[in-house]
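Note sheet for the following structure.
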Amino acid sequence: MLETKKFTFAEVAIDPSLRLTDKTFHYRIPTRLKASIQLGTRVLVPFGRQRLEGYVVGYSSHPEVDRVKNILEVVDETPVLNEEAVRLARWMSDYYLYPIPVALQCLIPPGLRRQEKIVVTLKLSDEVGHKLKETLNILDPVSGRVLAFLTETGRVPLERLIKKFPSQNLQETLNSLRELGLIEIEKLYTDRLKKKFRRVVELNKEVVGLEQDLEELAVRSPKQKKVLQILLEQGPLLLNDLLDLAGTSYSTVKSLIDKGFIVLNKVRVEEDFLRINKASSVKPVELTDDQERALRSIQNALAQRSFSVFLLHGVTGSGKTEVYIRAVEQVLKLGKQAVVLVPEISLTPQMVERFVSRLGSCVAVLHSRLSLRERSNEWQRIHRGEAQVVIGARSAVFTPVSDLGLIIIDEEHESSYRQDVMPRYHARDVAIQRARYHGALVLLGSATPSLESYTKARLGRYALLCLPNRVENRPLPSVEIVDMRQELAAGNHSIFSRCLQGKMRQHLEQDRQILLFLNRRGFAHFMVCRECGFVNRCSRCAVSLTYHRVEGQLRCHYCGYQEPVPVTCPKCGSRYLRSFGIGTQRVEDEVKRLFPDRQVLRMDVDTTTRKGSHEEILTAFRQGKASILVGTQMIAKGLDFPEVSLVGVITADIALNTPDFRAHERTFQLLTQVAGRAGRGSFPGEVVIQTYDPANPSIVAASRQDYLAFYKQEIALRRSTNYPPFSRLARLVISGGEEEQVIEAAQRLALDMELQIIKKREEEKVPVGELLGPAPAPISKMKNRFRWHIMVKGPKLAIIRELLRDVLDGWKVERAGKNSIHISVELDPMEIL
DNA sequence: AGCACGCCGACT
DNA sequence: GTCGGCGTGCTC
């Protein structure tokens, strides 16, 4: 630990949310502030000619530059960032090769960034008053009116002035007035989160004999009577709730207020008032022997209070969640806190409900749909120690718990734990780092562990726990692989094989539910002209446009560009345009055609953009409002529909045919997960996988839910090709608006790297590895920027990182203008696009 | 953000 | 020859 007292200078990261700079700066710590400054303390510093907030991220005993300024003030009494946060940021900066302030963005509490408010004040000295009279007649009319307004009000937020004087040159007017010394323009900082008030309606206590009044009201004003009745029965209510309950509008309430029957109060709402916590009413289920065994190992490790990593490998439906909950209960007993990470996609109300109903109000939930305020409230609850358990997606790994005992990462293999925009990080890496700091336990869970994690478990680096059976001895679903080439040969041109069609009919007759999975949204993959072969492509990205029939649009799935479906070929004018490949819209259409009397729901990015629509669809399906749910990845993972007895995979090949060494792994994981959705209730499940490659080992292994078979075959392949986990990868993406510049930069960079690799090998005897590329990236143009990439493959990530640090020093990485060259660094890249 | 520095077009 | 455009870089 660093002892503040010894150091005279502090290294400060200027508030990273301002995105002003990626560098850190050094300031002298004035003696009077020495006692109150720690790592993480928010301080006010002079920066250029402005005063900005920043965070102390380090100390030094010597000034690092000639002219060091003083820290002006300490901002918070209790630091919003602690030492662990700063250390974690430093580690991320070191590990992922970006500056500390960039890393710090992950750790600054949401909603802390304050909002600038500009206030205009009239200067009211005698001298100015004199000047005013002098100049008033030579000023333009707008200035005159602004001044008159200011004389009335004295001090006005700029916003109000803009509303009052909506002329375009207001800014100019204000500037000239300032130059004349008539007004002052100040910047104030206020919390972005306004204090929240709720309007609460209650009966006026001074009114007596209300019952009689009710009778009178009933004649002319039934709505008003209703409102009063509700208030009589239920006591004070939120205005909105009251309006909902009474089925009326504010005018009714207003007349009752005017008549003096009721009063409207503004109440400052403490957020707990809005929280709904289901009391614990769920009976803990009995554990299977396997669960019991796994839990005991975890409990023993927790009692040790030292860092370790467990991998819980449990088949789908084996009751991993129950083990998680019990482990969390144990952590709470030890007086520590737990963080539970789940993929965003499975962070559904049902999932949360399960934790909340068992663990109660000590659970805080963080997911992407929370507003800034809601998110901030959850952070505060955790920060204050009111919540001991956090459930959330990737970014929840940073929640500021003070005494961390356990981090659970459910569906450990999910690629969504990797953030691939700056600041890049992998929640698993961060979790392990945090657990090390706290002497905590990391519990990775999956039915289909990543090859990396499973290998580490086999090597003894992680402790391996297995749940090989489903709970209540439910059988694994029976899976049938259908060869779609044979379907075609037999004259079946439908997107459904005869087998799948038959089974759908059968399961529908028994009133069961069906999931149909397809990894591509839209109606068709692309459109092609049958005369000249022209395919509509996105002009900003080097990909074909996907046909969305319902909207009548062609859309780019990378940048969101869309255009109407052309009637004739834009190239040759032919009217014979044909769509190729299938998407979820097409599946939905076909199902409706085949089973017109059945309800079908579709769930993909296109149907879930609206807030809450995701939950709406799932709830509707769970309640049995539809028999068939068609969807993409979204329906593949973590969902628990007890009534689903049949799962159909329309095409298993899409994930298989991506140009990526992880394609097989992803296919296996996806198919196993999808298949796992079937038969989670009391009746056995059936799965049909349609493919053009029925002998593919990954598909076969998935059909048997046989992870070990998959692992053995895939690990052999990785060994022979020297891909991870046998090596480590890093990837540089060079992009820019001018293709030649991009190519030139990529080649120069690659040459630098090549020379450095040789130098390290010859002079330092360090085996860095090999260079792959430079080459155009698989998506060679995205959002109007050309993309090339270079890969480094070597035995040790630390050495690769060292190489990149050496070479990239002198290149401007990440931060660059609109058209200039831009280099991004990805370590252990997942998807190589 | 704000400000300085610097390199090319239209002007007293 | 100078004034000023805004592209680029820096602020401890």
Side-chain angles (χ1 to χ4, degrees), chain A residues 2 4 6-34 37-75 81 86 89-90 93 98-105 108 112-120 157-159 162 170-172 174-176 178-179 183-190 192 735-738 741-742 744-745 784-785 808-823:
Chain A
L2 288 164
T4 322
K6 286 188 208 158
F7 301 97
T8 323
F9 302 95
E11 185 184 5
V12 173
I14 301 301
D15 185 356
S17 52
L18 298 174
R19 312 230 173 197
L20 271 181
T21 172
D22 285 345
K23 291 197 176 80
T24 57
F25 296 83
H26 294 86
Y27 293 89
R28 185 189 309 277
I29 307 172
T31 323
R32 69 184 166 91
L33 294 179
K34 271 208 173 145
I37 284 179
Q38 294 173 294
L39 280 185
T41 304
R42 188 156 56 149
V43 290
L44 191 69
V45 292
F47 187 74
R49 59 185 55 200
Q50 20 185 12
R51 305 157 103 223
L52 297 173
E53 288 171 3
Y55 296 88
V56 174
V57 295
Y59 303 118
S60 64
S61 44
H62 301 283
E64 307 281 316
V65 285
D66 293 345
R67 284 208 192 94
V68 204
K69 294 183 183 173
N70 278 355
I71 291 178
L72 300 168
E73 270 171 64
V74 167
V75 178
L81 242 51
V86 173
R90 295 196 84 103
S93 156
Y98 43 68
I100 293 171
V102 172
L104 220 51
Q105 286 175 27
I108 293 171
L112 191 76
R113 182 175 153 196
R114 296 193 290 168
Q115 199 163 40
E116 194 179 70
K117 191 178 170 191
I118 298 169
V119 181
V120 181
L158 182 62
E159 265 176 72
I162 292 170
L170 180 67
Q171 196 60 53
E172 250 173 69
L174 291 176
N175 283 342
S176 57
R178 181 172 57 173
E179 272 165 35
I183 60 165
E184 203 171 345
I185 300 172
E186 298 171 80
K187 279 182 189 168
L188 298 179
Y189 285 88
T190 50
R192 240 201 322 197
S735 65
E738 299 288 336
Q741 281 180 29
V742 173
E744 210 250 355
N784 266 341
R785 294 178 68 88
L808 289 171
D809 191 43
W811 288 77
K812 1 170 215 184
V813 180
E814 290 297 342
R815 198 167 273 271
K818 214 171 182 210
N819 277 315
S820 50
I821 297 293
H822 183 280
I823 300 168

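Predicted model, so just to flag it, every value in this text is computed and none were measured. So you know, we letter chains A, B, ... as the sequences are listed, proteins then strands, and number each from 1.
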Sequence neighbours excluded, the answer for ring-ring contact (aromatic ring centres under 6.0 Å, His included) partners of F47(A) is F25(A)
Please list, chain by chain and in numerical order, all residues satisfying side chain to side chain contact (heavy atoms under 4.5 Å, CB included) with A103(A), sequence neighbours excluded.
A89(A), M92(A), Y98(A)
Return yes if some donor-acceptor pair links the side-chain N/O of Y59(A) with the main-chain N/O of L39(A) below 3.5 Å, else return no.
yes
E744(A) meets the salt bridge (charged side-chain N to carboxylate O under 4.0 Å, His left out) criterion, sequence neighbours left out, with R748(A)
Could I get the full list of salt bridge (charged side-chain N to carboxylate O under 4.0 Å, His left out) partners for R90(A), not counting sequence neighbours?
E11(A)
Could I get a table of every N or O pair under 3.5 Å where one atom is in the protein and the other is in nucleotides 10-12 of chain C?
{"unit_1": "dC12(C)", "atom_1": "OP1", "unit_2": "G48(A)", "atom_2": "N", "d": "3.4"}
{"unit_1": "dC12(C)", "atom_1": "OP2", "unit_2": "K69(A)", "atom_2": "NZ", "d": "2.6"}
{"unit_1": "dC12(C)", "atom_1": "O3'", "unit_2": "H26(A)", "atom_2": "O", "d": "3.0"}
{"unit_1": "dC12(C)", "atom_1": "O3'", "unit_2": "K69(A)", "atom_2": "N", "d": "2.4"}
{"unit_1": "dC12(C)", "atom_1": "O2", "unit_2": "H26(A)", "atom_2": "N", "d": "2.3"}
{"unit_1": "dC12(C)", "atom_1": "O2", "unit_2": "H26(A)", "atom_2": "ND1", "d": "3.3"}

